[in-house]
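Read the structure below first, then the notes.
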Number of protein chains: 2
Amino acid sequence: MNKSYRQGQILQLVRSRSLRTQEELARALRAVGVRATQVTLSRDIRELGLLKTAEGYARPTESAAPAGPDLATVLREFLLDVRVAQNLLVLLTPPAHASSVAEALDQAAWPEITGTVAGDNTVLVIAPTAKKATSLREKLMRFLG
Amino acid sequence: MNKSYRQGQILQLVRSRSLRTQEELARALRAVGVRATQVTLSRDIRELGLLKTAEGYARPTESAAPAGPDLATVLREFLLDVRVAQNLLVLLTPPAHASSVAEALDQAAWPEITGTVAGDNTVLVIAPTAKKATSLREKLMRFLG
DNA sequence: TATTATTATTCATTCGACTGAATAATCATT
DNA sequence: AATGATTATTCAGTCGAATGAATAATAATA
């Protein structure tokens, strides 16, 4: 299995739940189809710069948010409209600001967001299901004030 | 000697003067400090998509796309995650590499891929059906190792 | 402190990208 | 067609990144 893919899964896992030992992490990885030994995870954790906290492994707070503006700020400033179509959301922004919004949403890493693709003044947000797309819309609309 | 450096020198050489055979190219390379055999140059020329013209090797006229790397190579190198949502796939890549992956997938022209849209670090892949999206995910995952 | 659990390191192995020598295949010329 | 020139392919070897088993080092706990 691919190293960068494995490390990406590690980052997603430690963000979403509490993994206190490397063996525990190994089991969690296996559950998502990634086989790795404790030796490999020890190296990955060092390369990723993860820290062992009381709640388990985590990214250090500084590197986790590399100088991006707050999600609420970005949305309040740039989000003009939110439209739903099936499991998709179309977000409208002022010209040239779609990527900022998409970037901020990616950082947030909400489970209702499978992924985003930004154009110039439009962000396409892919949700897992139509139902989640709808609730995601409401969540986003609340930022509009 | 580094492969991409060598290929860069090849591109510069064939643009600046007339090199009619691979042996001739080998001599020109040696003059700029790059040692390579005809075997290697044969491979480089194919990878770079050079054509043999009456005036020597040259890049195809800009209409033809500069042949991108092999799909398997691109995916192994850049594919970080594959998520499914209905009939859509969301591929995550390192920043700035989404278009390479989308390009390579477009070239492959698989029937399970209706189309792709690339952002900066995200490729949206549209599949005909949810079922095909799922099997496409497995097909892509196999490239990861 | 002693014992157990957890993590890091060493050593050897595997794997794939890259390359060249030998050679096969193709092209050009007569 | 025959010959010589040119290019492509096969096979084997090298090299470095990645990995795991064994084990050392460290941390946690009784």
Side-chain angles (χ1 to χ4, degrees), chain A residues 1-11 13-14 17-60, chain B residues 1-11 13-14 17-60 67-81 94 97 100-101 104 140-145:
Chain A
M1 180 61 63
N2 190 269
K3 178 179 171 180
S4 49
Y5 178 80
R6 182 185 64 242
Q7 295 192 346
Q9 293 299 311
I10 290 173
L11 290 179
L13 284 170
V14 299
R17 59 173 131 151
S18 180
L19 295 165
R20 291 192 157 75
T21 72
Q22 295 179 2
E23 293 294 351
E24 203 174 344
L25 176 55
R27 284 192 294 276
L29 283 169
R30 181 162 308 154
V32 295
V34 176
R35 187 175 120 298
T37 65
Q38 176 266 323
V39 179
T40 297
L41 298 183
S42 170
R43 284 187 277 243
D44 284 340
I45 285 168
R46 184 178 25 166
E47 288 176 25
L48 293 171
L50 299 185
L51 298 180
K52 188 172 186 175
T53 71
E55 293 77 34
Y57 287 100
R59 303 194 69 162
Chain B
M1 179 63 63
N2 187 270
K3 177 179 173 180
S4 50
Y5 176 79
R6 182 185 64 241
Q7 295 192 345
Q9 292 299 310
I10 291 174
L11 289 178
L13 285 171
V14 299
R17 57 172 131 152
S18 180
L19 296 165
R20 291 191 156 76
T21 72
Q22 295 179 2
E23 292 294 351
E24 203 174 344
L25 175 55
R27 282 193 295 275
L29 282 169
R30 176 158 308 195
V32 296
V34 177
R35 184 174 107 342
T37 65
Q38 175 266 324
V39 179
T40 297
L41 298 183
S42 170
R43 284 186 278 242
D44 284 341
I45 285 168
R46 177 168 30 130
E47 288 176 25
L48 293 171
L50 299 184
L51 299 179
K52 189 174 186 177
T53 71
E55 293 77 34
Y57 287 101
R59 303 194 69 158
D70 180 58
L71 174 64
T73 305
V74 173
L75 293 180
R76 240 196 322 279
E77 194 163 1
F78 295 139
L79 188 56
L80 299 186
D81 199 4
H97 287 104
S100 316
V101 173
L140 289 173
M141 292 293 289
R142 282 197 284 278
F143 281 96
L144 295 181

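Both backbone and side-chain heavy atoms feed into the values below; hydrogens, waters and symmetry mates do not. We name chains A, B, ... by the order of the sequence lines, and we start the count at 1 in each one.
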May I have the distance from [X] (atom [atom1]) to [N] (atom [atom2]), rounded to whole angstrom?
X	N	atom1	atom2	result
B/D70	C/dC18	CG	P	11 Å
A/R6	D/dA17	CZ	C1'	12 Å
B/D44	C/dC18	CG	C1'	10 Å

Nucleotide paired to D/dA30 in any strand shown, Watson-Crick or G-U, under 3.5 Å
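Here D/dA30 is engaged in a pair, and the nucleotide opposite it is C/dT1.
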Candidate pair B/L75 and B/V101, rule side-chain contact (heavy atoms from CB on, under 4.5 Å), full reasoning
CA-CA 7 Å; B/L75 293 180; B/V101 173; 4.0 Å; yes
What does the list of N/O pairs under 3.5 Å between the protein and nucleotides 12-17 of chain C look like, with a distance for each?
from: C/dA17; atom 1: OP1; to: B/R76; atom 2: NE; distance (Å): 3.2
from: C/dA17; atom 1: OP1; to: B/R76; atom 2: NH2; distance (Å): 2.6

List the residues meeting side chain to side chain contact (heavy atoms under 4.5 Å, CB included) with B/R17, not counting sequence neighbours, and say none if there are none.
B/L13, B/L19, B/A28
Not counting sequence neighbours, which residues clear side chain to side chain contact (heavy atoms under 4.5 Å, CB included) with B/L11? List them please.
B/L48, B/L50, B/R59
Going through the checks in order, is the side-chain contact (heavy atoms from CB on, under 4.5 Å) test met by B/I45 and B/L25?
CA-CA 10 Å; B/I45 285 168; B/L25 175 55; 4.2 Å; yes
A/E23: what forms a side-chain hydrogen bond (donor to acceptor under 3.5 Å, both in side chains) with it, not counting sequence neighbours?
none
When you check every protein heavy atom under 4.0 Å of nucleotides 3-8 of chain D, what one-letter string (B, S, -) results, 5' to 3'?
---SBB
Donor-acceptor pair, A/S4 side chain versus B/L80 backbone, under 3.5 Å?
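Not confirmed, A/S4 side chain does not pair with B/L80 backbone.
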Among residues 25-36 of chain A, which residues get a heavy atom nearer than 4.0 Å to DNA chain C?
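None, since no heavy atom is under 4.0 Å.
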Which pair of non-hydrogen atoms, one from [X] and one from [Y], has the smallest distance, and what is that distance?
X	Y	value
B/Y57	B/T21	CE1-C, 4.0 Å
B/P94	B/F78	CD-O, 3.1 Å
A/A58	A/T53	CB-CG2, 4.3 Å

Please assess B/E47 against B/K3 for the test side-chain contact (heavy atoms from CB on, under 4.5 Å), listing each intermediate value before the final yes or no.
CA-CA 11 Å; B/E47 288 176 25; B/K3 177 179 173 180; 3.1 Å; yes
